[in-house]
Amino acid sequence: MLKQTEGSHAVAEAVALCRPEVICAYPISPQTHIVEGLGELVKDGSLSPCEFINVESEFAAMSVAIGSSAAGARSYTATASQGLLFMAEAVYNASGLGLPIVMTVANRAIGAPINIWNDHTDSMSQRDCGWIQLFAAHNQEALDLHIQAFRLAEELSMPVMVCMDGFILTHAYERVDMPTQAQVDAFLPPYEPRQVLDPAEPVSIGAMVGPEAFMEVRYLAHAKQLTALNVIPRIAHEFAERFGRTTGGLVRTYKTEDAETIVVALGSVLGTLKDTVDEMRADGVKIGVLGIHSFRPFPLAAVREALQGAKRVVVLEKSFSVGLGGVVSNDVRLALSGLRLHGYTVVAGLGGRAITRASLQRTLTEAIADKLPPLTFMDLDWRIVNRQLEREAQMRRSGPIAESLLRDVGTVASKADLSLDADASVKFYQTGTFTVGNRLLDAWAAQRAGQHRAQQLADQRPPRLPGLRRGAGRALCGRRRDARHAQPAHRRQRHRLPGGVFHALPRDLVAAAVDPFAVRQRGGGGHGHRGGAEDQGHPGPAQSRVRCA
């Protein structure tokens with residue numbers, strides 16, 4: 001059935017069609033819509049019998065999946081970025097125990113600095129954990145790969161990670177062909193575990209293994225991955241016959257038959273690459289694309305066969321190994337061992353940076369002319385990079401790199417420059433509490449303006465800034481609602497800034513009269529309210545609580 005839907009919702013429906021018995025996940029962007037959709041299906045009874053288990057962390061999510069899978073239940077979870085790192089210990093346990101868990105990874109950059117946008121750093125960090133890793137190029141493929149993943153995981157008794165680009169796919173609305181329950185049931189048989197915890201037949205799952213057998217255990221995990229190289233294309237072929245479309249598999253080529261230059265990539269960037277290749281083909285350039293859909297196990301033979309007729313290979317990747325270079329490139333280089341080809345690694349799209357056709361054409365044109373360096377960071381702003389390197393060479397306390405770069409590129413969140421003139425403005429972004437920052441501003445004000453000027457500004461009535469109020473909890477208290485506007489002027493609209501909102505305030509006001517705008521947040525108790533000296537006309541240092549009946 002054709003339908004227009006968000007990528008996350010399409011994946012949620014596909015997973016539901018696979019009849020999981022346990023779903024456990026901790027929300028983290030951009031994966032959240034997937035488990036939200038599954039939670040709704042469980043709640044309204046559309047997905048039954050199935051238990052949706054709310055957990056307190058990603059580590060707990062994978063731990064629950066391990067327990068439920070070991071008990072014989074078809075298990076599913078999803079995560080992204082830091083969430084995948086948080087569950088890393090359990091991720092290794094799942095593969096080491098040979099449990100057929102399916103997990104969606106909505107690919108997202110790993111901090112620090114914090115970044116919620118897409119690249120492949122998260123799943124690449126777990127490339128050696130023993131999970132099968134399948135990468136989706138578009139939402140139809142993401143949908144289909146989840147159905148294939150359950151079949152693959154349970155046939156081999158090993159976990160499968162389906163990777164789809166965060167936001168680019170998870171939050172994109174596309175037309176997809178949603179299969180029926182009958183079609184999925186015919187393709188995916190009921191779950192019959194190879195190992196299960198059964199009181200009638202006691203066994204130990206996860207027993208300690210010493211040096212005498214540990215290497216053999218790890219080799220068997222490797223042998224399963226090698227077996228998957230044959231099982232993945234077989235399942236993809238059967239899926240194509242049953243559902244009428246080709247998705248998944250090990251690799252897929254595009255206009256590579258006579259190509260002198262072939263670009264290798266994985267994930268959603270393959271669509272942009274194909275458009276770029278079409279444009280360059282129209283100009284007479286012999287170029288093609290090789291899309292890798294199975295990153296683990298890595299299809300060495302299939303990659304070698306697809307690339308051996310080319311003169312040069314350009315590997316485009318959205319992650320890299322710091323201090324070395326490309327991640328995918330190393331595997332491609334291994335596949336091409338002994339072949340005399342020009343090879344280039346192009347790192348692009350880190351942290352969600354757009355990969356445009358114009359940039360791709362420029363980079364690929366340089367590669368075709370053999371003028372491209374072996375390792376290239378596409379669209380890297382060398383101006384701010386060199387400025388930071390010079391800054392670090394000139395001064396010992398050069399400050400946080402992220403803050404310095406944000407200031408150089410002019411991002412609004414980085415404009416709190418205390419060297420500005422007194423009539424300049426400061427922009428705050430509240431993510432927790434202003435207390436520490438306000439103390440620094442207090443010290444700066446005392447030093448730059450003097451205590452007399454600070455007191456003079458503190459006595460002035462602050463401007464009526466839009467959106468300012470005491471805080472949602474206190475503003476709606478029943479006993480104070482009617483009397484709110486009868487309070488003295490110094491007790492209205494001056495104590496707190498609402499969280500998560502940018503405010504531009506005059507430098508002289510903020511720098512000196514910081515305390516009236518200070519945020520005091522206390523865990524579990526809401527916002528405190530000033531008392532004591534407040535009754536004498538100005539907030540004092542004493543703190544008290546005002547509670548609503």
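Counting from 1, the numbers follow the sequence of the chain as shown. Note that this is a predicted model, so its numbers are computed, not measured.
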Residues passing the side-chain contact (heavy atoms from CB on, under 4.5 Å) test with Pro233, sequence neighbours excluded, are Leu250
With sequence neighbours excluded, give me every side chain to side chain donor-acceptor pair (under 3.5 Å) pair touching [range].
| range | answer |
| --- | --- |
| residues 45-55 | Asp44-Ser46 |
| residues 88-98 | none |
| residues 32-41 | Glu6-His33 |

Is the side chain of [X] donor-acceptor paired with the backbone N or O of [Y] at a distance under 3.5 Å, no angle test?
| X | Y | answer |
| --- | --- | --- |
| Thr170 | Gly166 | no |
| Lys224 | Gly130 | no |
| Arg218 | Met215 | no |
| Thr376 | Pro373 | yes |
| Gln31 | Gly83 | no |
| Thr180 | Gln183 | yes |

According to the salt bridge (Lys or Arg N to Asp or Glu O under 4.0 Å) rule, which pairs have a member within residues 150-163, sequence neighbours left out? Arg74-Glu154, Arg151-Glu155, Arg151-Glu238, Glu155-Arg234
What salt bridge (Lys or Arg N to Asp or Glu O under 4.0 Å) pairs are there with at least one residue in residues 243-255, not counting sequence neighbours? Glu141-Arg252, Asp144-Arg245, Asp177-Arg245, Lys255-Asp278
Is [X] salt-bridged to [Y], cutoff N-O under 4.0 Å?
| X | Y | answer |
| --- | --- | --- |
| Lys311 | Glu260 | yes |
| Glu366 | Arg362 | no |
| Asp408 | Arg391 | yes |

Which pairs count as ring-ring contact (aromatic ring centres under 6.0 Å, His included) when at least one residue sits in [range], sequence neighbours excluded?
| range | result |
| --- | --- |
| residues 334-366 | none |
| residues 359-387 | Phe320-Phe377 |
| residues 119-146 | His120-Phe135 |
| residues 275-300 | none |

Distance-only donor-acceptor pairs under 3.5 Å for side chains of residues 105-112, two or more places apart:
from: Asn107; atom 1: ND2; to: Asp122; atom 2: OD1; distance (Å): 2.9
from: Asn107; atom 1: ND2; to: Ser123; atom 2: OG; distance (Å): 3.0
from: Arg108; atom 1: NE; to: Ser81; atom 2: OG; distance (Å): 3.4
from: Arg108; atom 1: NE; to: Asn115; atom 2: O; distance (Å): 3.1
from: Arg108; atom 1: NH1; to: Ser29; atom 2: O; distance (Å): 2.8

Can you confirm whether the side chains of [X] and [Y] place a donor and an acceptor under 3.5 Å from each other?
| X | Y | answer |
| --- | --- | --- |
| Glu13 | His9 | no |
| Thr104 | Tyr76 | yes |
| Thr276 | Arg357 | no |
| Ser329 | Glu317 | yes |

Say you draw a straight line from CG of Leu156 to CZ of Arg194; how long is it, rounded to the nearest 0.5 Å? 7.0 Å
Smallest separation among heavy atoms of [X] and [Y], with atom names:
| X | Y | answer |
| --- | --- | --- |
| Ala10 | Thr5 | CB-CG2, 3.8 Å |
| Ala73 | Val22 | CB-CG2, 4.0 Å |
| Ala25 | Ala78 | CB-O, 4.1 Å |

Please tabulate, for side-chain N and O atoms in residues 330-340, each donor-acceptor pair with protein atoms closer than 3.5 Å (sequence neighbours left out).
from: Asn330; atom 1: OD1; to: Arg333; atom 2: NH1; distance (Å): 3.0
from: Asn330; atom 1: ND2; to: Gly326; atom 2: O; distance (Å): 2.9
from: Asp331; atom 1: OD2; to: Arg296; atom 2: NH1; distance (Å): 3.1
from: Asp331; atom 1: OD2; to: Arg296; atom 2: NH2; distance (Å): 3.4

Within the structure provided, determine whether Gln148 and Ile232 are in side-chain contact (heavy-atom separation under 4.5 Å). no
Students often mix this up, so state it plainly: with edges at 30° and 60°, are the rings of Phe239 and Phe187 parallel, tilted or perpendicular? perpendicular
